[in-house]
Amino acid sequence: TTNSIIPQKKKKISTFIYIPSTFIWRVLVCFYRVKMASSFARVLSSKRKVGILSLVGAGSLTVGFFLNKEQRVNAGAHVRRIYPPSAEYPDLRKHNNCMASHLTPAVYAKLCDKTTPNGYTLDLAIQTGVDNPGHPFIKTVGMVAGDEESYEVFADIFNPVIKERHNGYDPCNMKHPTDLDSSKIRGGQFDEKYVLSSRVRTGRSIRGLSLPPACTRAERREVERVVIDALAGLKGDLTGKYYSLTLMTEQEQQQLIDDHFLFDKPVSPLLTCAGMARDWPDARGIWHNNEKTFLVWVNEEDHTRVISMEKGGNMRRVFERFCKGLQEVERLIQEKGWEFMWNERLGYILTCPSNLGTGLRAGVHVTLPRLSKDPRFPKILDNLRLQKRGTGGVDTAAVGNTFDISNLDRLGQSEVQLVQTVIDGVNYLIECEKKLERGQDIKIPAPISQFK
Amino acid sequence: MHSSFAHLQGEENITEARGTGVDATMPFGNTHNQLKMNYTAEQEFPDLSQHNNHMAKVLTLEMYANLRDKQTPSGFTVDDVIQTGVDNPGHPFIMTVGCVAGDEETYEVFKDLLDPVIEDRHGGYKPTDKHKTDLNPDNLQGGDDLDPNYVLSSRVRTGRSIRGFCLPPHCSRGERRAIEGLSVEALGALDGDLKGKYYALKDMTEEEQQQLIDDHFLFDKPVSPLLLASGMARDWPDARGIWHNDNKTFLVWVNEEDHLRVISMQKGGNMKEVFNRFCTGLTKIEELFKEKGHEFMWNEHLGYVLTCPSNLGTGLRGGVHVKLPNLSKHEKFGEILKRLRLQKRGTGGVDTAAVGGVFDISNADRLGFSEVELVQMVVDGVKLLVEMEKHLEAGQSIDDLMPEQK
């Protein structure tokens, strides 16, 4: 568990001295001492702080010294230049992502000098969005969290980003419902003439450990240890085995590839620029049950990604196993004194703001040869609050009329609600397909309400 | 950019507001390093069992334990130094360095790690050795008569870092922009045959971009994971750019892998002229920086300080594109190059293959030899290689031309 640091704004007596630039390099000021910290929750005494502000203007160099009562001068050591926020503010003019839309110079100036208790900064959070300007048609999020506290400390940027990404969910005044009671599901057995497979995935983070963009090697290894310890306690149809990426044999690797379970080092710059691929493949791995219907990824984009899936259209059973597995894992980690990151404002906390709330994507691979060619298809999906992807996952194209159809929303509705939305929606799509088969006309459904 | 000076006058609380973590005066300070200290060195030590790079060969658990609580004054830590080496295990045949510097002090604070890496990489260069700098082009013998039928082009490049600023893996946007500003100002004062123009990567027009591509001047965002993993591509293309003189024979890259990369080049085999311009240009640029109160990072042990330990000393790679279709197929080609202290690359640069028998031949060393000495080796070596190529063309043996190990 972490202590939070309350920023101490101390009144300082400061003396401002102008010194010609040629002089500065003979009188270099060492403005801090390295100290071993036994705990990372401490605040330096302001008396020992000496800030050097170096300004670069066109044609002249003027250096201002902020001196406090005590100063330490150490010739030979150079001082890290500190620039005002306006000099550090990123150039976002060519950018199209949620972070760039909401990070004004004022917000940047307010947040740029803050850190979470673990030391995560705003610049770290937005680096991926600065490095990846985005695409005119696809608006990415453009920022990540390094730890649970990021969402609090940098709320002034995260909140508007969350609101935009989650279609109006306002973290300031709304609550997110969590519901993993699969018995509430109505229906959920699809016509297998159309639905080839069913899948539900989410992510979970272990409270107290930094998230993949920021975690140290030891923290990542701790996440792995905690998770596989819990997974080893699963019984019955959930009994399974862990395959560490660093230790797996050639055959194990081939088997996992054949099962379509193996994940590899991320190549997307959206992920690599956020720092989540550091130290690959250390402490990364895949766990799955013997029946190959319940799968957990460890330390990929999140601490864990939990996937329940099977061939065919029994979404009900997939969701039942999903809920049971998640609840079991939660119970097992709690026995050891751990818990998942969760709060009632944002639901389950994950690395990417787009996965907050339920972090849930429930979907099917479904063949819709006629409906997919109908010009009303996108509008139908839209109104049903569904999203289509190719069968390779996000950013892939559909192959041969088979689509990946899943829920659009993540935050503001519960797991049960979202899965029900998918069940009802996919049933509607299948009905449309059947109607078109019979030569009948189809109707665009009324848009379903977003926040129930 | 508005005057940050005016900004300063209006706000008293700039430094006091900075940071709430352990090091409040350093917004980019490595508060993360303190987080690591909650775990033991063993728990944090990277798994280097699959690795083949200089860093992995040298870094022991004991060394890591001694260094992990240290930081340079700008907050660069040993984990920052080694990240690229941890992320890139390397290749069984190619030995990469596996570490980078974030600032000038890195080489001091982490000398326990970097000295052995430097020694390994630079042919036994000891921590007590002194490096000599010689940028007097008059000291170069010959070099103006390489046969242009074989030598297609000649080029000398090096890098320079501006003292007092952090290096590309670690610099903030503000620092990088300041480096660009200073560099553009200095380069803008060059005249005569060195007079030229700056093209900022983010502002260039389509036509300018196409022209730079046609001239083979344009550099793009690094794709090599060796570079990306060290953090030097952050915020691309902010504050990056290319400057070149009107004659297109002197070129400076700003904020790519180093603060400055300086390149002198021309078609044909007149390496002497290329080196002349190189030395003149560099000296002039250094003077211009000094006028503004800045100097290059340099010391008498490591010479010019650059981001990658492999580029210390002279940071100089002097080379030619030369046609050696027969010699390159000779079984002793590798051995000859080794003895001449030369290195071959494809004409696309590092990690590319040769095309049509044309090779990029350059000096293998960087540190422990002066600039003049290295270019001399290239000039003498390439002369001999062309000689050998001619012999082989004529069906003669080259056994009596075999050089001694330099």
Side-chain angles (χ1 to χ4, degrees), chain A residues 5 7 9-10 12 14 21-22 25 30-32 34 36-37 40 42-44 46 49-51 53 55-58 61-62 64 66 77-84 86-88 90-91 112-115 118-119 121 123 127 130-131 210 214 216-219 221 246 272 277-280 282, chain B residues 1-5 7-8 12 14-28 31-32 34-39 43-44 46-47 69-71 73-75 83 86-87 103-105 163-166 172-175 177-178 181-182 185 202 228 233-236 238 292-293 295:
Chain A
I5 294 181
K9 290 224 165 194
K10 299 204 163 111
K12 290 205 306 252
S14 54
S21 55
T22 49
W25 303 117
C30 171
F31 68 101
Y32 89 121
V34 176
M36 267 216 52
F40 55 86
R42 71 186 177 93
V43 176
L44 274 185
S46 65
K49 279 187 286 193
V50 177
L53 197 72
L55 308 168
V56 180
L61 280 178
T62 310
F66 275 69
H78 101 259
V79 157
R80 181 70 187 267
R81 300 163 169 276
I82 299 173
Y83 295 90
S86 55
E88 294 289 358
D91 183 348
C112 67
D113 56 2
K114 298 198 173 10
T115 67
N118 295 333
T121 63
D123 282 305
Q127 190 68 62
V130 175
D131 288 348
S210 301
T216 71
R217 277 182 294 273
E219 284 188 295
R221 291 163 179 171
T246 48
T272 54
R278 288 169 302 127
D279 315 311
W280 201 274
D282 196 317
Chain B
M1 197 182 279
H2 85 279
S3 165
S4 35
F5 187 72
H7 178 100
L8 168 65
E12 290 168 46
I14 287 173
T15 50
E16 88 175 19
R18 293 293 197 196
T20 55
V22 172
D23 211 298
T25 54
M26 288 171 27
F28 305 98
T31 42
H32 250 193
Q34 304 308 315
L35 180 65
K36 290 181 174 70
M37 300 311 293
N38 287 327
Y39 295 88
Q43 288 170 320
E44 286 290 355
D47 179 353
D69 60 341
K70 298 189 173 25
Q71 304 185 38
S74 74
Q83 189 68 57
V86 175
D87 287 348
D103 53 22
E104 194 169 4
E105 292 76 9
R163 178 161 278 163
F165 291 86
C166 293
S172 72
R173 280 181 292 273
E175 283 183 296
R177 290 162 179 170
L182 287 174
E185 207 194 325
K202 64 177 181 170
L228 296 175
R234 288 168 302 127
D235 315 312
W236 201 274
D238 196 319
K292 306 285 178 173
E295 43 184 21

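What you see is a predicted model, and the numbers here were worked out from it, not measured in a lab. Order of the sequence lines sets the chain letters (A, B, ...), proteins ahead of strands, with each chain counted from 1. Computation of the quantities below employed the complete heavy-atom set of this structure, encompassing side-chain atoms and omitting hydrogens, waters and symmetry-equivalent molecules.
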Interatomic distance, A:Glu88 atom CD to B:Glu175 atom CD [nearest 0.5 angstrom]: 7.0 Å
Applying side chain to side chain contact (heavy atoms under 4.5 Å, CB included), run through B:Gln83 and A:Arg278 and close with a yes or a no. CA-CA 7 Å; B:Gln83 189 68 57; A:Arg278 288 169 302 127; 3.5 Å; yes
Tightest non-hydrogen contact, residues B:Ala178 and A:Tyr83, listed as CB-OH, 3.3 Å
Pairs of heavy atoms under 4.5 Å with chain A: top-ranked of B:Val86, B:Asp235, B:Asp47: B:Asp235
If you round to the nearest 0.5 Å, how far is CZ of A:Arg221 from CD of B:Glu44? 7.0 Å
Minimum heavy-atom separation for A:Ala277 to B:Asp87, with atom names? O-OD1, 4.2 Å
A:Asp123 bridged to B:Arg173 by N-O distance under 4.0 Å: yes
Side chain from CB out, backbone as N, CA, C, O: work out which of these in A:Asp91 comes under 4.5 Å of a heavy atom of chain B, or both, or neither. both
